Protein chains: 2
Amino acid sequence: MTSVKPTMSDVARAAGVSAMTVSNALTGRRPVSPATRARVERAAADLGYELNLTARHLRAGRTDTVALVVPHFDHPYYGELAARMGRHLADQGRHLVVEQSGARREAELAAVAPARWQLYDGVLLSAVGTTPDDLAGLHTSVPLVLLGEQQMPARYDHVRMDNVAGARLATRHLLATGSRRVAIVGGADPDRDAGMRTARTLGWTMAHTDTGTAPAPELLVRTGPDLSAGRDAVRRLLSDGTDFDAVFAVTDTLAVGVLAALAEAGRRVPDDVQVVGFDNLASSGFTVPALTTVDPGHEQMAVETLRLLDQVVARAASGEADGRSSGPEHVTAPVRLVVRATTRSA
Amino acid sequence: MTSVKPTMSDVARAAGVSAMTVSNALTGRRPVSPATRARVERAAADLGYELNLTARHLRAGRTDTVALVVPHFDHPYYGELAARMGRHLADQGRHLVVEQSGARREAELAAVAPARWQLYDGVLLSAVGTTPDDLAGLHTSVPLVLLGEQQMPARYDHVRMDNVAGARLATRHLLATGSRRVAIVGGADPDRDAGMRTARTLGWTMAHTDTGTAPAPELLVRTGPDLSAGRDAVRRLLSDGTDFDAVFAVTDTLAVGVLAALAEAGRRVPDDVQVVGFDNLASSGFTVPALTTVDPGHEQMAVETLRLLDQVVARAASGEADGRSSGPEHVTAPVRLVVRATTRSA
DNA sequence: GGACGTGACTTTAACGATAAAATCTCGCCA
DNA sequence: TGGCGAGATTTTATCGTTAAAGTCACGTCC
């Protein structure tokens, strides 16, 4: 009947105590006599009382919740990132909520609009589609750590993977195992932007330079981000008659598409064409054949990101006028090559 | 220097007006003279004023944000679900945030603790690991729509896929294309619980009954949820020497593991062993060979879910004493078989 | 020319929880 | 018996915003 939500005052009235005592009884923040506590709990249960977190947050100025903003929920890389972050934060008694930006500049900036930030103790922004200028323009005091491979303004903490080293490692492995014509699927012109694709393309180029060669321009294939893009890229190479005996796919997602296209064309992997990916997704060990890939140090990235976040939060809490206790850090996680069955052992 | 965040009062002081006028000027809710508005905007910009959403929410009692609680961020099914929901809500100018429950009963109940719900206008709970009793015990007025294959209390709106029909369709296809020994990977005893696995196992059994046969008990393989579980299940079947010429994997994720194990054992798909999955994930079209699977009507599920949520929200807003305008609905989305290359055409 | 409407703005009072300060109640000791 | 302190509980004020009611100046109309 009384469909309105009961408040602490209602519980207090029912239990014959003050609202403050209800608060103390339920949170245990200050001592309350056992008898009173029992009465309060009874009343709260009877009324179906539910704590209003919004009110608590307003008062406390904290939410114990961290937001992670990713471009897409349905990209496995971000799913794994979110899951890992969520586990770490849960261990610390904090919450993670994930928001999607859609990789559109406006949406990403909206998701990260200062107003929305205030709902969280901190924001982890996996930036794609924003330029350094977009971010540089923001003036906010909400703790922010950037994650990702874009060029980022130096004033924020930033965690990234070692794209260049990883790509170099991958490509070098292909060259060392006998491939001579290594296509890069998902590559980008080094002068275009400073994103992940560019860095990985640079690594691919450097691996060639290392062995005193240079990659043929027609082996650089630009693509979209998803599975079909990988498949289409290989189809294009094949139909163009481009000669290649290995593929470095800039992401594992693209690599899956690459494998599909090679299988459909009857090219044997790794005998005719070797393949290496990048990201070491959970599913990458289960492709046919199992994908050789670059592990970008997921765990280190997660740990470092949260360390930086705590640092920024602490800095903000301590009035942040506390001097250069520590400036923003820019961390690069170490990469590692995971050799599986899409490359030859010799 | 003044590192504290400016409030509306600060802006008001700076602009020489009252806080209320600042509110009106910035939101446009009530008219303000152009000159004043300009002055206010100027002051707000100068001070770097950011609206405090927590305070607004406390006052307004609405957040324009919907939460989706899923068991795992890193399971592609949930990622795709979240992405789809997020797109729909964004189109309506609302926000979606995703939380992870970890599929542990306690965490799921904590994530959906009534206290947390109040942060959102509504909650979509993708329940796994909760029993109907857990949910039945909750009395809350926060709009809630359940999503998933568990047995759910009837008093909540609920959207599910047609697991039985899908599994039956999949298995029937295997039998119709010449398979006689169809293993089910990830199956469950029908009497154990009323979850997704049980329903899909039931469909598998029914397809056999339909053709006047009965599945051999040793063809029912219980597994964990992830990729390696699918691979291990097939390895076990092979090492046990169990005869089988087809596999119905209860999820696409398991199916990917199944394909990996078959490839590693040198069984040809679909010639020696046919395979069908369930879920039609984005990546399922790119396995080698491309996976035949059951599409669970993703889009219908998303649309129905949001329709129900709006209904519940409206019901709650209208005082909900408004009588049986409409009781809780239980929607089952229609399934569809997507035939690709892991099954034979005849 | 006095009552009344209208637009622009201000004041007051919440929303619900809780920190900090004030009060109240005992039990205990000199 | 009076005083004191410790613990339990209440009171007061506040977090930042905004709905609702109040004030004020300036026209307008009969």
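Fair warning: this is a prediction, and the values are worked out from it, not measured in the lab. Here is the naming used below: chain letters follow the sequence lines, and residue numbers restart at 1 for every chain. Because only heavy atoms are used, hydrogens play no part in the values below, and waters and symmetry mates are left out as well, while side chains stay in.
Listed nucleotides: dT18(C), dT9(D), dA8(C). Nearest to the side chain of S33(B): dA8(C). When each of dC9(C), dA17(C), dG16(D) is scored by its nearest atom to the side-chain atoms of N52(B), the top-ranked nucleotide is dG16(D).
In this structure, R160(A) contributes its side chain and E149(A) its backbone to a donor-acceptor pair below 3.5 Å. A donor-acceptor distance shorter than 3.5 angstrom exists from the side chain of H330(B) to the backbone of Y156(B), with no hydrogens or angles considered. Although no hydrogens or angles enter the test, the distance criterion places no donor-acceptor pair under 3.5 Å between the side chain of Q300(B) and the main chain of A333(B). Side-chain N or O atoms of H72(B) include none that pairs as donor or acceptor with a backbone N or O of G79(B) at under 3.5 Å. Distance alone, capped at 3.5 Å, places no donor-acceptor pair between the D121(B) side chain and the V66(B) backbone.
Counting to the nearest Å, the P atom of dA8(C) and the CZ atom of R39(B) are 14 Å from each other. Taking atom NZ of K5(B) as the reference point, atom P of dG16(D) lies 9 Å away to the nearest angstrom. To the nearest angstrom, C1' of dT9(D) lies 13 Å from CZ of R37(A). Nucleotide dT14(D) holds its C1' atom 12 Å from the CG atom of L58(B), rounded to whole Å. Spacing between atom CZ of R13(A) and atom C1' of dA17(C) amounts to 15 Å, rounded to whole angstrom units. Separating the CZ atom of R62(B) from the C1' atom of dT18(D) is a distance of 13 Å, rounded to the nearest angstrom. In this structure, D10(B) places its CG atom 9 Å from P of dG16(D), rounding to the nearest Å. As rounded to whole Å, 17 Å separates atom P of dC9(C) from atom CZ of R29(B).
At dA8(D), none of the side-chain N or O atoms of T36(A) fall inside 4.0 Å of OP1 or OP2 (strictly under the cut-off).
The nearest pair of heavy atoms linking V11(B) to A44(B) is CG1-N, 3.8 Å.
Nearest-nucleotide assignment on DNA chain D puts the 5′-proximal partner with R59(B), out of R59(B) and R30(B).
Less than 4.0 Å separates DNA chain D from at least one heavy atom of each of the following residues of residues 17-28 of chain A: V17(A), S18(A), M20(A), T21(A).
Once rounded to the nearest 0.5 Å, the distance linking OG1 of T63(A) with CZ of R56(A) reads 11.5 Å.
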